[in-house]
Amino acid sequence: MDKPDKTLIVITGPTASGKTDISIEVAKHFDTEIISADSRQFYREMKIGTAVPSAEQLQAVPHHFIGQLSVHDAYNVSRYEQDVLEKLEELFREHDYVVMAGGSGLYVDAVCKGIDDMPDIPRHIREAVDNKYREHGLDYLRSYLEKNDPEYYSSVDQSNPNRMKRGVEVFEATGRRFSSFRKQQSRERDFSIKKFGLLWERHILNERINSRTDKMMQQGWLEETKVLYPYRHLNALNTVGYKELFSYLSGDMSLEKAVEKIKTQTRRYAKRQMTWLRKDPDLLWVDAEMNPIREIIEKT
RNA sequence: GGUACCAUAGCUCAGUAGGUAGAGCAACGGACUGAAAAUCCGUGUGUCCCUGGUUCGAUUCCGGGUGGUACCA
């Protein structure tokens with residue numbers, strides 16, 4: 001295979017690790033553009049609470065996949081993979097390097113390694129499966145899969161409703177076993193990938209999370225959330241921070257308590273991100289406190 | 001100042017009819033291919049406030065401190 005002459009520079013790391021600022025500096029250096037890999041910055045109604053780049057930052061370097069969706073839209077990783085690959089093809093015509101920045105591990109992986117082709121599930125089927133689950137509980141999902149897709153049943157986390165609902169809805173929609181679609185083979189891309197992770201000491205990252213949360217509140221996060229309150233059941237709004245502010249708006253907790261809870265939930269989210277990222281052998285960790293920009297540029 | 005109640009994990013608290021203790025939350029570790037900022041799994045980290053006494057043995061019972069809360073002055 002020919003050595004690819006195009007390179008995707010991936011900048012990832014937990015929430016509040018500084019991906020935005022660093023990716024902009026790197027993109028400026030390579031005179032290129034940025035693709036966001038953040039599954040909540042897609043939604044244009046959620047700006048403050050997802051810490052999207054500022055207007056000045058967005059103007060300094062063109063960004064893609066920020067605010068391209070409404071919270072009412074349905075979207076998924078597979079479509080993201082396709083959309084990004086198309087965008088990359090376009091960007092690589094003009095640039096040798098493109099930067100991708102974001103902390104949604106599954107979405108980053110979909111672009112870097114590909115994800116199996118599977119049919120979209122019609123909304124009414126997803127809802128029907130969900131209703132069955134709510135009515136009959138995990139046992140319904142277990143026995144359904146045990147009967148219809150024993151292979152997936154034996155490997156799936158049987159106490160995780162989302163995992164199991166997925167297997168059920170695929171079978172319901174297609175009549176084919178979920179396991180028959182799941183090849184889990186990574187795909188070669190026709191561009192190189194350099195993946196960097198921003199590493200902080202845990203207690204410093206926690207401080208950054210705390211002060212960023214306070215800053216977001218000052219910027220009017222609560223007002224942003226009030227407008228979205230009627231839509232709080234939408235998946236896009238099942239998101240750290242918005243959830244807690246909805247609880248405050250419903251009168252379930254004080255604002256002070258809600259903000260405190262946002263901070264701990266954000267810490268827990270960062271922890272989950274780290275768990276995901278740690279197992280990636282292709283990820284090169286850079287010390288976020290030293291000079292990560294120079295290091296990323298040198299190693300690209 | 002007096003009376004009553006309380007003091008146990010990082011926090012809120014349960015418990016031990018005397019044999020050194022456990023829940024929730026947090027914390028920590030992990031899983032995860034179309035909801036992923038989602039969803040799920042695992043782990044107890046402790047001078048049981050201090051100090052005398054009774055006892056084979058006290059976090060538990062008794063006395064005295066200290067701190068807190070409430071009421072009365």
Side-chain angles (χ1 to χ4, degrees), chain A residues 12-17 19 36-43 46 48-52 69 71 73-83 102-123 125-127 129-130 133 138 141-142 152 155-170 173-174 178-187 202-203 206 209 212-213 216 221 225 233-246 253 257 260-280:
Chain A
T12 187
T15 190
S17 59
K19 299 182 290 291
S36 169
D38 187 307
S39 71
R40 294 291 128 117
Q41 292 186 356
F42 297 159
Y43 302 101
M46 302 163 70
I48 297 169
T50 59
V52 297
L69 298 175
V71 293
D73 295 332
Y75 201 63
N76 60 51
V77 214
S78 184
R79 293 185 39 196
Y80 177 75
E81 179 201 12
Q82 294 161 31
D83 292 345
S104 302
L106 181 65
Y107 285 67
V108 171
D109 283 358
V111 170
C112 295
K113 298 186 238 170
I115 195 159
D116 295 323
D117 288 326
M118 283 184 214
D120 276 342
I121 308 299
R123 175 179 279 230
I125 290 185
R126 168 160 289 190
E127 281 167 4
V129 171
D130 203 40
Y133 163 64
L138 278 175
L141 301 172
R142 289 203 189 100
Y152 183 56
S155 64
V156 72
D157 175 356
Q158 289 175 18
S159 38
N160 190 327
N162 284 8
R163 291 278 94 74
M164 303 222 288
K165 277 194 268 181
R166 177 68 183 148
V168 172
E169 70 180 17
V170 168
T174 66
F178 180 50
S179 54
S180 73
F181 290 102
R182 262 174 31 127
K183 304 283 182 283
Q184 295 187 279
Q185 276 178 341
S186 45
R187 274 175 222 175
R202 181 84 59 113
H203 74 275
N206 289 347
I209 286 170
R212 191 183 66 172
T213 302
M216 281 156 55
W221 192 4
T225 306
H233 58 279
L234 294 173
N235 176 61
L237 290 163
N238 184 192
T239 296
V240 167
Y242 292 89
K243 282 198 269 197
E244 288 72 22
L245 292 177
F246 288 147
M253 64 173 83
K257 183 88 187 293
E260 193 186 311
K261 219 169 162 206
I262 289 171
K263 290 172 182 173
T264 77
Q265 289 305 313
T266 307
R267 260 184 264 137
R268 290 162 57 82
Y269 169 50
K271 188 172 183 299
R272 272 176 269 133
Q273 288 176 300
M274 288 302 294
T275 300
W276 179 284
L277 294 173
R278 264 196 288 261
K279 69 180 179 186
D280 186 346

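Naming convention: chains lettered A, B, ... in sequence-line order (proteins, then strands); numbering from 1 in each chain.
Taking atom P in both B:G22 and B:G44, one finds a spacing of 10 Å when rounded to whole Å. With both ends at atom C1', the span from B:A35 to B:G24 equals 27 Å, rounded to whole Å. The gap from the C1' atom of B:G63 to that of B:U69 amounts to 23 Å, rounded to the nearest Å. A distance of about 24 Å separates the P atoms of B:C28 and B:U33, rounded to the whole Å. Taking atom C1' in both B:G2 and B:A17, one finds a spacing of 33 Å when rounded to whole Å. A gap of 13 Å separates the P atoms of B:G52 and B:U60, to the nearest Å. A distance of about 15 Å separates the P atoms of B:U8 and B:U59, rounded to the whole Å. Comparing the P positions of B:A70 and B:C50 gives an interatomic distance of 25 Å, to the nearest angstrom.
Closest to the side chain of A:Ser159, out of B:A38, B:U33, B:C40, is B:C40. When distances are taken from the side chain of A:Gln184 to each of B:A38, B:G34, B:U33, the shortest belongs to B:U33. Nearest to the side-chain atoms of A:Ser78 among the listed nucleotides B:G34, B:A35, B:U33 stands B:G34. Closest to the A:Lys165 side chain, of the nucleotides B:U33, B:A35, B:A27, is B:A35. Side-chain proximity of A:Lys271 to the nucleotides B:A26, B:G34, B:C28 is greatest for B:C28. Closest to the A:Arg268 side chain, of the nucleotides B:A27, B:U39, B:G34, is B:A27. Closest approach to the A:Pro161 side chain among B:G34, B:A35, B:U39 is made by B:U39 (side chain taken as heavy atoms from C-beta onward). Closest to the side chain of A:Arg202, from the set B:G29, B:A26, B:U39, is B:G29. Closest contact between the side chain of A:Lys243 and the listed nucleotides B:A38, B:A35, B:C41 involves B:A38.
Counted within 6.0 Å of NZ on A:Lys257, heavy atoms from surrounding residues, nucleotides or ligands total 12 or fewer; the atom is thus considered open.
Within the 4.0 Å cut-off from OP1 or OP2 of B:U39, at least one side-chain nitrogen or oxygen of A:Asn238 is found. Residue A:Arg163 places at least one side-chain N or O under 4.0 Å from the OP1 or OP2 atom of B:G34. The phosphate of B:A27 has OP1 or OP2 within less than 4.0 Å of a side-chain N or O from A:Arg267. For B:C40, neither phosphate oxygen OP1 nor OP2 lies less than 4.0 angstrom from any side-chain nitrogen or oxygen of A:Gln158. For A:Lys113, no side-chain nitrogen or oxygen approaches OP1 or OP2 of B:U33 to under 4.0 Å. OP1 or OP2 of B:G30 sits under 4.0 Å from a side-chain N or O of A:Thr275. Between B:G34 and A:Arg166, a contact under 4.0 Å exists linking OP1 or OP2 to a side-chain N or O.
Each of A:Leu237, A:Ile48, A:Leu245 was compared with A:Thr225 under the side-chain contact (heavy atoms from CB on, under 4.5 Å) criterion, and only A:Leu245 meets it. Considering A:Lys263, A:Glu260, A:Lys261 in turn, A:Lys261 is the only one that fulfils the side-chain contact (heavy atoms from CB on, under 4.5 Å) rule with A:Glu244.
Here A:Asp116 lies in heavy-atom contact (under 4.0 Å) with a base. In this structure, A:Tyr107 reaches the sugar-phosphate backbone alone: every heavy-atom distance under 4.0 Å involves primed, P, OP1 or OP2 atoms, never a base. Using a 4.0 Å heavy-atom cutoff across all strands shown, A:Thr15 reaches no nucleic acid atom at all.
Both A:Arg212 and A:Arg79 lie close to RNA chain B; mapped to their nearest nucleotides by heavy-atom distance, the more 5′-ward contact belongs to A:Arg79. In terms of position along RNA chain B, the nucleotide closest to A:Ile115 lies nearer the 5' end than the nucleotide closest to the other residue of the pair A:Met216 and A:Ile115.
In this structure, A:Asp109 and A:Asp280 approach most closely via the heavy-atom pair OD1-OD2, 4.4 Å. A:Arg187 and A:Ile115 get closest at one heavy-atom pair: NH2-O, 2.9 Å.
Here the P atom of nucleotide B:U12 and the NZ atom of A:Lys257 are 12 Å apart, to the nearest Å. Between the CE atom of A:Met118 and the P atom of B:A35 there is a distance of 10 Å, rounded to whole Å. Put simply, CE on A:Met46 is 12 Å from C1' on B:A38, counting in whole angstrom units. Atom CZ in A:Phe178 sits about 5 Å away from atom P in B:G34, given to the nearest Å. The distance between atom CG of A:Asn235 and atom P of B:U39, rounded to the nearest whole Å, is 9 Å.
B:U3 and B:A70 make up a base pair, with Watson-Crick or G-U wobble contacts both under 3.5 Å. Pair check for B:G57 finds none; no Watson-Crick or G-U wobble contact set falls under 3.5 Å. In a base pair of the Watson-Crick type (N1 to N3 plus N6-O4 or O6-N4) or a G-U wobble (N1-O2 and O6-N3), with each distance short of 3.5 Å, B:U20 is matched with no nucleotide. B:G52 is paired with B:C62 under the Watson-Crick or G-U wobble criterion, all donor-acceptor distances under 3.5 Å. Checking B:G42 for Watson-Crick or G-U wobble geometry (two distances, each under 3.5 Å) identifies B:C28 as its partner.
Looking only at distances, a side-chain donor or acceptor of A:Lys19 sits under 3.5 Å from a matching main-chain atom of A:Pro14. Side-chain atoms of A:Gln273 come within 3.5 Å of backbone N or O of A:Thr15 as a donor-acceptor pair. Under a 3.5 Å cut-off, the side chain of A:Asp116 and the backbone N or O of A:Gln184 do form a donor-acceptor pair.
The base of B:U39 is not paired with the side chain of A:Asn162 by any donor and acceptor separated by under 3.5 Å.
Annotated as syn: B:G34, whose O4'-C1'-N torsion sits within 90° of 0.
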